[in-house]
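For the numbers below, each heavy atom of this structure counts, side chains included, while hydrogens, waters and symmetry mates do not. Everything quoted here is computed from the prediction, not taken from an experiment. Start at 1 with the first residue, then count along the sequence.
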Amino acid sequence: MAIDQTAECVAGDADIGAAEALFHSLSDGTRLAIVRRLAVGEARVADLVAQLGLAQSTVSKHVACLRDCGLVDGRPEGRQVFYSLARPELLDVLAAAEAVLAATGNAVALCPNYGTDSRGLDGPR
């Protein structure tokens with residue numbers, strides 16, 4: 001999605017759809033935790049399970065999602081697969097998100113639709 005110097009969005013529907021898919025792939029806390037862990041270096045599902053404290057099936061499902069989105073690659077070594085970030089640019093996206101969060105303070109966390117306080121038993125609205 002391209003934005004010109006006057007901050008007007010010049011993206012077409014396809015670009016918006018792709019950006020929406022990217023952000024959706026990162027919108028799950030488990031997938032985001034996996035991406036943040038893989039930013040440090042490659043890991044096996046077993047490593048991620050131990051570090052995140054989640055079930056193997058849960059971690060495998062989220063790694064597969066990230067792999068299907070082209071964000072994570074797997075490198076087989078014997079019977080193991082070592083996962084890493086497929087796109088180093090993803091680190092720039094995460095850094096930019098952290099900058100936006102720092103600039104907005106609690107505004108995002110307090111958002112009535114998606115903020116951390118809006119989650120009830122059914123998850124985000």
Side-chain angles (χ1 to χ4, degrees):
M1 178 168 51
I3 299 180
D4 69 14
Q5 295 297 326
T6 61
E8 292 180 43
C9 183
V10 293
D13 289 342
D15 290 339
I16 291 172
E20 181 180 15
L22 170 65
F23 287 112
H24 187 71
S25 70
L26 299 173
S27 70
D28 181 87
T30 299
R31 288 191 297 272
L32 188 55
I34 291 168
V35 167
R36 294 183 94 178
R37 167 50 189 87
L38 295 179
V40 176
E42 65 181 14
R44 301 167 304 152
V45 167
D47 301 325
L48 296 169
V49 166
Q51 292 169 352
L52 300 174
L54 298 170
Q56 182 272 331
S57 60
T58 299
V59 172
S60 292
K61 177 184 76 167
H62 287 294
V63 168
C65 175
L66 292 166
R67 189 185 61 238
D68 292 345
C69 290
L71 301 177
V72 168
D73 280 332
R75 178 180 61 81
E77 187 174 300
R79 294 180 54 183
Q80 302 178 61
V81 178
F82 290 84
Y83 293 97
S84 62
L85 294 182
R87 305 295 329 163
E89 299 87 352
L90 191 52
L91 298 175
D92 296 333
V93 171
L94 296 176
E98 289 176 4
V100 170
L101 289 171
T104 60
N106 287 334
V108 174
L110 298 174
C111 173
N113 294 315
Y114 301 109
T116 56
D117 292 340
S118 68
R119 295 181 182 162
L121 295 176
D122 296 329
R125 291 184 212 171

Side chains of residues 57-69: which donor-acceptor pairs under 3.5 Å do they make with residues two or more places apart or in other chains?
| unit_1 | atom_1 | unit_2 | atom_2 | d |
| --- | --- | --- | --- | --- |
| Ser60 | OG | Gln56 | O | 3.0 |
| Ser60 | OG | Gln56 | NE2 | 2.6 |
| His62 | ND1 | Arg31 | NH1 | 3.2 |

With sequence neighbours excluded, what pairs up with [X] under the side chain to side chain donor-acceptor pair (under 3.5 Å) test?
| X | result |
| --- | --- |
| Gln51 | Arg37 |
| Asp28 | none |
| Arg79 | none |

> With a 4.5 Å heavy-atom cut-off, do Leu38 and Val72 have their side chains touching?
Replying inline: yes
Between side-chain atoms of residues 39-48 and protein atoms elsewhere (two or more places apart, or another chain), which donor-acceptor pairs fall under 3.5 Å?
| unit_1 | atom_1 | unit_2 | atom_2 | d |
| --- | --- | --- | --- | --- |
| Glu42 | OE1 | Arg75 | NE | 3.3 |
| Glu42 | OE1 | Arg75 | NH2 | 3.3 |
| Glu42 | OE2 | Arg75 | NH2 | 2.4 |
| Arg44 | NE | Asp47 | OD1 | 3.4 |
| Arg44 | NE | Asp47 | OD2 | 3.2 |
| Arg44 | NE | Gln80 | OE1 | 3.4 |
| Arg44 | NH1 | Gln80 | OE1 | 2.9 |
| Arg44 | NH2 | Asp47 | OD1 | 2.7 |
| Asp47 | OD2 | Arg44 | N | 2.9 |

Using atom types as modelled, flag every donor-acceptor pair under 3.5 Å from a side chain in residues 81-100 to any protein atom, sequence neighbours excluded.
| unit_1 | atom_1 | unit_2 | atom_2 | d |
| --- | --- | --- | --- | --- |
| Arg87 | NE | Glu89 | OE1 | 3.1 |
| Arg87 | NH2 | Glu89 | OE1 | 3.2 |
| Arg87 | NH2 | Glu89 | OE2 | 2.9 |
| Glu98 | OE2 | Arg36 | NH2 | 2.9 |

